[in-house]
Amino acid sequence: MEFRCLSTTLSDAGALPEAWQGDSLAVGLFSDPNHPLWAQITALLGPKLPALLEQCRFKGKPGDSLTVQQLETRPSTVILVGLGEAAGFDSAALRNAAASCAKAAASAGSRSLALALPWQGLDPQAAAATMAEAVRLGLYVDLRFRSEHEAKPVPELVTLLGLPEPSQLPLQSIDAVCAGVELARQLVAAPPNLLTPGDMASTAATIATDFGLDLKVLERSDCEALGMGAYLAVAQGSELPPKFIHLTYRPSEAATRRVALVGKGLTFDSGGYNLKVAGSQIDKMKYDMGGSAAVLGALRAIAQIRPAGVEVHAIVASCENMISGGAVHPGDILTASNGKTIEINNTDAEGRLTLADALVYAAKLELDAIVDLATLTGACVIALGEEIAGLWSSSDGLAAALVAAAEAGDEALWRMPLRSSYKEGIKSQLADLKNTGPRPGGSITAALFLQDFVPKELAWAHLDIAGTVWSEKARGQDPAGATGFGVRTLVNWISAGAPS
């Protein structure tokens with residue numbers, strides 16, 4: 001798919017481009033019928049348009065879409081998409097509108113598409129990137145596991161109208177970012193019999209080979225030598241060997257910042273002896289490696305973009321949480337690689353155990369900041385729903401930088417408290433810590449548990465993406481299923497220099 005820009009005016013005083021002769025023209029309309037674009041589109045399609053809009057109940061509301069075919073003229077297809085109130089139109093609305101236009105054009109069989117969408121009030125580079133990402137990601141379909149399928153044609157050329165020349169826009173990075181999101185979606189959607197810890201390591205090896213990155217994979221014996229008792233306890237119930245993955249991007253010139261991205265990598269989570277039961281979505285626990293998918297997807301994008309000055313380490317402690325005669329028991333006491341002892345009072349709180357040893361490992365790399373991502377708690381889903389991820393951080397600067405990076409990619413984060421008094425809930429009578437606390441504030445006590453494995457002087461942030469990594473229905477550019485959440489946030493943060 002090729003993107004280009006055509007400079008034309010689409011402001012209140014502007015006009016639609018009469019010279020556009022491609023297959024499809026997609027126009028965004030605000031709900032106010034007095035907006036100039038309503039008159040312009042009526043002039044393009046003829047006086048019968050108002051009656052057609054009335055018949056199809058098109059009011060310009062978000063989600064409204066209408067495709068008009070013109071058999072004897074070009075563009076042969078005109079797509080109208082509702083934008084809602086002009087006052088509330090923002091980057092996220094632009095992203096959703098662009099994705100709707102792309103899907104409608106694909107359904108119409110268009111080979112070329114022009115987007116006439118308003119972007120006034122937004123930075124033109126950001127607007128171009130938003131529309132281009134939305135088009136590509138909105139057309140993503142996962143057909144890997146169908147025995148018979150026919151790939152539908154998609155537009156080969158997409159022209160963004162009303163923007164500066166392509167040389168001034170970051171379109172060259174679109175492929176990298178979208179490829180990273182698509183990789184994360186593919187990893188999360190893959191069934192657990194086809195995405196094992198070994199397959200996760202193979203994915204990292206492919207990225208390393210394709211982009212010249214450094215890769216180290218620690219086997220069980222290596223992890224034993226490092227004292228990773230928490231991580232290995234989770235892995236011990238599975239017949240599949242654990243794989244501790246360390247993938248590194250180094251810039252061509254000396255790095256001034258060194259950061260680590262740590263992803264939870266449970267390729268399947270049965271809950272262990274605290275078995276997940278009916279209603280607990282055990283069938284979807286293949287997505288319990290959504291944090292590692294985001295980390296690997298982000299590093300794949302970073303490796304292609306090759307930002308200067310930032311060295312990035314991606315760390316994944318991958319394994320399964322299964323039941324067997326050798327599985328960890330409720331009541332066991334483990335020793336993590338920093339010497340902390342942990343009483344297991346719930347084997348289904350396993351992700352924080354794997355992350356504990358991964359964070360200890362990362363902290364030894366002389367970093368400026370660590371960001372971990374995990375599908376960690378149902379409590380975060382209850383608190384923030386399916387569109388907002390929770391953010392906990394020991395650094396106000398890092399938290400602000402991540403929120404800004406998320407906003408730039410239209411991914412929503414909400415900073416949550418690290419209230420020290422809540423740590424009383426994870427104190428054990430026998431060990432240093434319990435792996436779960438009381439039900440109230442469960443996502444907070446989980447973050448406090450992780451904080452115990454990061455040095456106080458090191459900037460650290462934890463993103464709980466349990467609600468955002470998977471969607472039951474298609475939403476904007478995201479399909480039903482795996483969303484690839486977190487990749488754009490991480491890429492934006494690192495591309496900005498990874499401030500903390």
Side-chain angles (χ1 to χ4, degrees), residues 10-12 14-17 20 22-71 75-110 112-122 127 130-141 152 154-155 158-162 386-387 410 471-480 483:
L10 295 173
S11 63
D12 290 354
L16 293 170
W20 172 251
D23 293 343
S24 297
L25 171 66
V27 181
L29 294 174
F30 291 112
S31 55
D32 180 5
N34 295 317
H35 192 279
L37 274 177
W38 281 81
Q40 293 169 27
I41 199 65
T42 300
L44 177 67
L45 295 178
K48 294 183 179 180
L49 178 63
L52 177 62
L53 296 177
E54 182 68 26
Q55 178 184 349
C56 296
R57 299 181 181 179
F58 183 95
K59 303 290 187 183
K61 298 178 181 178
D64 283 358
S65 180
L66 176 64
T67 300
V68 180
Q69 300 289 350
Q70 303 185 111
L71 299 180
S76 57
T77 302
V78 178
I79 300 162
L80 307 181
V81 172
L83 305 177
E85 297 289 337
F89 192 72
D90 57 12
S91 176
L94 176 62
R95 188 179 293 272
N96 289 337
S100 295
C101 293
K103 293 174 183 178
S107 296
S110 303
S112 59
L113 168 66
L115 295 184
L117 296 174
W119 56 272
Q120 285 72 20
L122 301 174
T130 294
M131 287 188 277
E133 288 176 7
V135 167
R136 175 161 163 180
L137 294 176
L139 295 175
Y140 169 86
V141 180
K152 295 182 179 179
V154 299
V158 178
T159 303
L160 310 177
L161 301 176
E386 297 181 349
E387 298 180 25
D410 296 316
S471 178
E472 292 300 321
K473 60 181 181 180
R475 186 168 54 234
Q477 69 177 20
D478 293 333
T483 64

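Index from 1, following the sequence. Note that these values count all heavy atoms, side chains included, but never hydrogens, waters or copies made by symmetry.
Contact detail for L66 and C56: the closest heavy-atom pair is CD1-SG, 3.7 Å. Considering every non-hydrogen atom in both P118 and F89, the closest pair reads O-CE2, 3.2 Å. Across every non-hydrogen atom of G84 and P62, the tightest pair is CA-CD, 3.4 Å. Here the closest heavy-atom approach between residue K103 and residue G138 is recorded as CE-O, 3.2 Å. The minimum heavy-atom distance between T77 and A108, with the atom names listed, is CG2-CB, 4.1 Å. Of all the heavy atoms in A480 and E472, the pair that sits closest is CB-O, 3.9 Å.
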Full working for side chain to side chain contact (heavy atoms under 4.5 Å, CB included) between V27 and L117: CA-CA 6 Å; V27 181; L117 296 174; over 6 Å; no
Let's go through L44 and L49 carefully: what are the C-alpha distance in whole Å and the side-chain angles of both, what is the deciding distance for side chain to side chain contact (heavy atoms under 4.5 Å, CB included) to 0.1 Å, and is it a yes or a no? CA-CA 9 Å; L44 177 67; L49 178 63; over 6 Å; no
L52 vs V68, side chain to side chain contact (heavy atoms under 4.5 Å, CB included): CA-CA, chis, key distance, verdict | CA-CA 9 Å; L52 177 62; V68 180; 3.9 Å; yes
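Not a single donor-acceptor pair under 3.5 Å links the side chain of W38 to the backbone N or O of L29. Checking side-chain atoms of W119 against main-chain N and O of L94 turns up no donor-acceptor pair under 3.5 Å. A donor-acceptor pair is defined here as one N or O able to donate and one able to accept, closer than 3.5 Å; no such pair exists between the side chain of S110 and the backbone of S112. Judged by distance alone, the side chain of N96 and the main-chain N or O of A93 form no donor-acceptor pair under 3.5 Å. A donor-acceptor distance shorter than 3.5 angstrom exists from the side chain of Q70 to the backbone of P75, with no hydrogens or angles considered. A donor-acceptor pair under 3.5 Å links the side-chain atoms of D64 to the main chain of G60, judged by distance alone.
Partners of S76 according to the side chain to side chain contact (heavy atoms under 4.5 Å, CB included) rule, which considers only residues two or more places apart in sequence or in another chain, do not exist here. Every side chain to side chain contact (heavy atoms under 4.5 Å, CB included) that S100 has, sequence neighbours left out, goes to V81. Under the side chain to side chain donor-acceptor pair (under 3.5 Å) criterion, Q55 pairs with no residue at all, not counting sequence neighbours. A search for side chain to side chain donor-acceptor pair (under 3.5 Å) contacts involving D410 returns S91, R95, not counting sequence neighbours. Under the side chain to side chain contact (heavy atoms under 4.5 Å, CB included) criterion, E54 pairs with K59, not counting sequence neighbours. Residues satisfying the side chain to side chain contact (heavy atoms under 4.5 Å, CB included) test with S31, not counting sequence neighbours, are E85.
The distance from atom OG1 of T159 to atom CE of M131, rounded to the nearest 0.5 Å, is 11.5 Å. Going from atom SG of C101 over to atom CG of L113 covers 7.0 Å, rounded to the nearest 0.5 Å. Distance CG/D478 to CD/E387: 9.5 Å, rounded to 0.5 Å. Here I79 contributes atom CD1 and L25 contributes atom CG; the two are 8.0 Å apart, rounded to the nearest 0.5 Å. Distance OG1/T67 to CG/L80: 8.0 Å, rounded to 0.5 Å. Within the model, atoms CG of L53 and NZ of K48 stand 14.0 Å from one another, a figure rounded to the nearest 0.5 Å.
Using a 4.5 Å heavy-atom cutoff, the side chains of L45 and V78 are in contact.
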